[in-house]
Asks: 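One structure, pasted below without further comment.
Chain A is the first sequence line, chain B the second, and so forth, proteins listed ahead of strands; every chain is numbered from 1.
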Amino acid sequence: MSELFRTCPRSGLVFHKPAETLIKLNAVTAVVFLAVGGILGLLVVMTRWPAVHLLSSELFYQVLTGHGIIMLLVWIIFFEIAILYFCSSTLLRSRLATPRWAWLAYALMLGGAAITGVAILQGGSSVMMTSYVPMPAAPHFYLGLILFAVGALIGCFVFLGTLVVAKNERTYEGSIPLVTFGALTACIIAIFTIASGAIILIPTFLWSVGYISEIDPLMYRVIWWGMGHSSQQINVSAHVSVWYAIAAIVFGARPMSERVSRTAFLLYIAFLQLASAHHILVDPGVGTEWKIFNTSYAMYLAVLASMVHGLTVPGAIEVAQREKGYTNGMFEWLRKAPWGNPVFSGMFISLVGFGFLGGITGVVMGTEQINLIIHNTIYVPGHFHPTVVLGTTLAFMALTYFLVPVLFRRELFLPGWAKWQPYVFGFGTALMSLFMMGAGTLGVARRHWDMAFSGAPFSFEFGGAAYMMMGLTGIFGVVSVIGGAMFVIVVVGSLVLGKKIEDKSEYTTTRPAILPLGPAAPAHHGKGFVAPGTFVLALVFLATFVVYYFLNWMYLSSVWPMN
Amino acid sequence: MSALLPPSERIWGNAPLDKVEGTWIAIALVWCLFMFFMMPYWHVFGKQNYSGEAYRTTPAAYSAKVEAMVEAHTVRKETDQQIPVVRPPAGSDVYLAGRLWSWYPALELEKGQTYRLHISSLDWQHGFSLQPLNVNVQVVPGYEMVLTITPDKSGEYTIICNEYCGVLHHAMMGKIYVVDR
């Protein structure tokens, strides 16, 4: 039973039956949580929109806690587990190692998410995703997170086990493909991340039930962020892999240089998890040298890695397009790209949004001193929405548009909606984030129910600009939610109502053919500037980066001297 | 589809490098190193730094220090809640406490003078956020942070809380009045 394979006639991908079921299950569960988290996000946005101010303060903090946990952990990690199984079993044409353990992983993750969800619903655990001690949550709030993490860890080991099976059973020639390599990076970072989570959440759980008298709040912050930020680095590795996969799927693009791209992934493993420091730059008593080294991911070598991927992914597309004859001028390759195909447009908007909005702002606010004028303002979610929503979520959405016909053998429902969805979602999220950053620069706090401070003993009024920015955050937040809803409707609609694809692929017990080496690079490769358009775009990116970086130093230099 | 296939070179470390990639890596690396050295540079030549001065404390010990200062230097009381406004001597140590849900006490400082501003929390974590300057630091119970500040413009400044601290988080507010001598 566990040796059944089918070959998708449309994509040529080979699915091992248990892996296929588990990929579908994890991905569908992820999308369900995305829908729930999106509704909560809508409520958050409608409350922070000053003219609407929908929820009561208590409900707002409860909903915001739920939104953070569901989106940052549950939706993304369920989808990532699906990606791990896809990148190992499917891409390597291998059987999935220990499907039973993969089912256990799924059950633990679902159970854990449900337990934490119940804790939040009960109302005694509105502690935000970060649950900073000594603010207490109910014990089962932590317990659910621990179970979820254990499940995810098992999923990681199923992935690693599958790599071993594939290697031993010689299902592929040479080295693993680049996309699988990127997924392996994500998996290694995930194991580090989950270990950090366990180190801090297990004692915190014991504290909440009374077995430990005190958790040092600063230690909690350092270790918790070893999970909190690193889990976003799993996302980066995963969505960069998805970018490479989509460039290959849509354009047949070949990585410009396997050596460069893989080395960049290795830099992620070596340095990305240092980002815990980003969150404690203005905490009491943390040493300067430690902060500088860690916040810069070791002299920005992990940032360098992202800048490399940011060039090589579009560069690979440019080379592939030029080989097809789109060689006029600098940008014909880009103009003639399939902008109506959501697999491509989603991926490209993800890449641009992640780089220009998420990446630049992340480096700027993670600069030790500049953090003084940004820490805990709404600029912070203005940074991480472009990384996690525009970058990771949109990349995963784009991949989903490819996977629905392949995995579920159904055509997309409402293809016109699917075509526009990445634009609506990307546009809404990007502008929402920009206005959040603007409001944050003016001092508006994150995780804050009322920018008018009702009930405070003194009064303070933000200027009209801050109110306008928060109003626009509200409007574009709603646009973003509409874009998200379009995705959920298209995907769920496709699974239920999508036209069935008559495909003749049957499950057989025949072992799939060995995965061959990729074609060798053509001779012109490596001689001259093969991707001039991408290089120009990269220089535009760099110029934006430099200007914005110095603007923030200027802004910092205008505040009170302090030491 | 070759990102989905094993690399054609069996040893991927030997794969060729494009000129466009090499050039970009060099440019990006220079920028990365520049940004890195900007931080120590600012510690030496810039005026806005927090170098990590802090001490272990307890809520009780810290509260005692705050009360001693309030006792010695209160100049008036404000609002219905009779919040003391403290005017500590120029150059002295000033103690500010964050607690559920207020910043205590209000401060009156002289423009152009330097103060050692101590900040700690008496209960949960808080976020010191000085508006409209928009200077923000984390306030952690058990740790007493010391910022040496020199207010360089007179006026009324507001401290809000920007670390979520419970249901009245948004109502937590304090004041720093900066006055001319």
Asks: Can you say whether Ile25(B) sits under 4.5 Å from chain A via the side chain, the backbone, both, or neither, judging by heavy atoms?
Replies: both
Asks: Which atoms form the tightest heavy-atom contact between Ser459(A) and Thr158(B), and what is the distance?
Replies: O-OG1, 4.4 Å
Asks: Go through the atoms of Ser51(B) and report whether side chain, backbone, both or neither lie under 4.5 Å from a heavy atom of chain A.
Replies: both
Asks: Side chains of Asp80(B) and Pro457(A): does their closest heavy-atom pair fall under 4.5 Å?
Replies: no
Asks: Where is the tightest heavy-atom contact between Glu258(A) and Ser2(B), given as atom of each residue plus distance?
Replies: OE2-O, 4.2 Å
Asks: At what distance, to the nearest 0.5 angstrom, does CH2 of Trp449(A) lie from NE2 of His169(B)?
Replies: 12.0 Å
Asks: May I ask you to name which of Gly285(A), Ser558(A), Ala445(A) has the most heavy-atom pairs under 4.5 Å with chain B?
Replies: Gly285(A)
Asks: Got a second to check how far Leu4(B)'s CG is from Leu13(A)'s CG, nearest 0.5 Å?
Replies: 7.5 Å
Asks: Trp42(B) versus Ser557(A): any side-chain heavy-atom pair under 4.5 Å?
Replies: yes
Asks: Between the main-chain N or O of Val559(A) and the side-chain N or O of Gln48(B), is there a donor-acceptor pair closer than 3.5 Å?
Replies: yes
Asks: What part of Ile280(A) is in contact with chain B, defined as an atom under 4.5 angstrom from a non-hydrogen atom: side chain, backbone, both or neither?
Replies: neither
Asks: Is it the side chain or the backbone of Ile373(A) that comes within 4.5 Å of chain B heavy atoms, both, or neither?
Replies: both
Asks: Is there a side-chain contact between Glu78(B) and Phe458(A) (heavy atoms, below 4.5 Å)?
Replies: yes
Asks: Just one of Leu130(B), Asn136(B), Val137(B) clears the side chain to side chain contact (heavy atoms under 4.5 Å, CB included) bar with Leu372(A), so which one?
Replies: Val137(B)
Asks: Checking His279(A) against Gln138(B): is there a side-chain donor and acceptor pair closer than 3.5 Å?
Replies: no
Asks: Testing the basics here: between Pro7(B) and Ile176(A), what is the closest heavy-atom pair and its distance to 0.1 Å?
Replies: CD-O, 3.7 Å
Asks: Side chain from CB out, backbone as N, CA, C, O: work out which of these in Ile119(B) comes under 4.5 Å of a heavy atom of chain A, or both, or neither.
Replies: neither
Asks: Given the side-chain rings of Trp560(A) and Tyr157(B), with only the six-membered ring counted for Trp, is the space between their centroids under 6.0 Å?
Replies: yes
Asks: Which answer fits Phe550(A), side chain, backbone, both or neither, if we ask what part of it has an atom under 4.5 Å from a heavy atom of chain B?
Replies: side chain
Asks: For a 4.5 angstrom cut-off between non-hydrogen side-chain atoms, does Leu5(B) reach Leu517(A)?
Replies: no
Asks: For Cys161(B) and His448(A), which heavy atoms make the closest approach, and how far apart are they?
Replies: O-CD2, 3.6 Å
Asks: Please state whether the side chain, the backbone, both or neither of Ser241(A) comes within less than 4.5 Å of a heavy atom of chain B.
Replies: neither
Asks: Checking Trp31(B) against chain A: side chain, backbone, both or neither under 4.5 Å from a heavy atom?
Replies: side chain
Asks: Looking at Asp18(B) and Arg259(A), is any side-chain nitrogen of the basic one under 4.0 Å from a carboxylate oxygen of the acidic one?
Replies: no
Asks: Could you check whether any side-chain heavy atom of Phe37(B) comes within less than 4.5 Å of a side-chain heavy atom of Ile292(A), counting everything from C-beta outward?
Replies: no
Asks: Are Trp24(B) and Phe529(A), when compared by the centres of their aromatic rings, separated by less than 6.0 Å?
Replies: no
Asks: Given heavy-atom pairs under 4.5 angstrom as the criterion, report whether the side chain, backbone, both or neither of Val139(B) touches chain A.
Replies: neither
Asks: In terms of heavy-atom proximity below 4.5 Å to chain A, should Val30(B) be classed as side chain, backbone, both, or neither?
Replies: neither
Asks: Tell me, do His170(B) and Ser57(A) make a side-chain contact under 4.5 Å, heavy atoms counted?
Replies: yes
Asks: Using heavy-atom distances under 4.5 Å, tell me whether Arg56(B) contacts chain A through its side chain, its backbone, both, or neither.
Replies: side chain
Asks: Please state whether the side chain, the backbone, both or neither of Val363(A) comes within less than 4.5 Å of a heavy atom of chain B.
Replies: side chain
Asks: Below 4.5 Å from any heavy atom of chain A, which atoms of Tyr115(B) appear? Answer side chain, backbone, both or neither.
Replies: neither
Asks: Could you check whether the rings of Tyr61(A) and Tyr164(B) sit parallel, tilted or perpendicular, using 30° and 60° as the cut-offs?
Replies: tilted
Asks: With the side chain counted from C-beta on, respond yes when Pro6(B) and Ser175(A) share a heavy-atom pair under 4.5 Å apart, and no when they do not.
Replies: no
Asks: Any sub-3.5 Å donor-acceptor pair from Asp283(A)'s side-chain atoms to Val140(B)'s backbone N or O?
Replies: no
Asks: Can you tell me which portion of Leu168(B) sits under 4.5 Å from chain A's heavy atoms? Options are side chain, backbone, both or neither.
Replies: neither
Asks: Could you tell me the separation between the CG atom of Asn376(A) and the CD atom of Glu163(B), rounded to the nearest 0.5 Å?
Replies: 4.5 Å
Asks: When you compare the side chain of Gln131(B) with that of Phe462(A), does any pair of heavy atoms fall below 4.5 Å?
Replies: yes
Asks: Could you check Thr114(B), Leu117(B), Asn49(B), Val135(B) and say which one makes a side chain to side chain contact (heavy atoms under 4.5 Å, CB included) with Met562(A)?
Replies: Val135(B)
Asks: If you count heavy-atom pairs under 4.5 Å with chain A, which of Met145(B), Glu53(B), Gln125(B) comes out on top?
Replies: Gln125(B)
Asks: Hey, which of Lys175(B), Arg10(B), Met172(B), Glu21(B) has the most heavy atom pairs under 4.5 Å with chain A?
Replies: Glu21(B)
Asks: Between CE of Met299(A) and SG of Cys32(B), what distance do you get to the nearest 0.5 Å?
Replies: 10.5 Å
Asks: Could you check whether Tyr50(B) and Asn371(A), counting side-chain N and O atoms only, form a donor-acceptor pair closer than 3.5 Å?
Replies: no
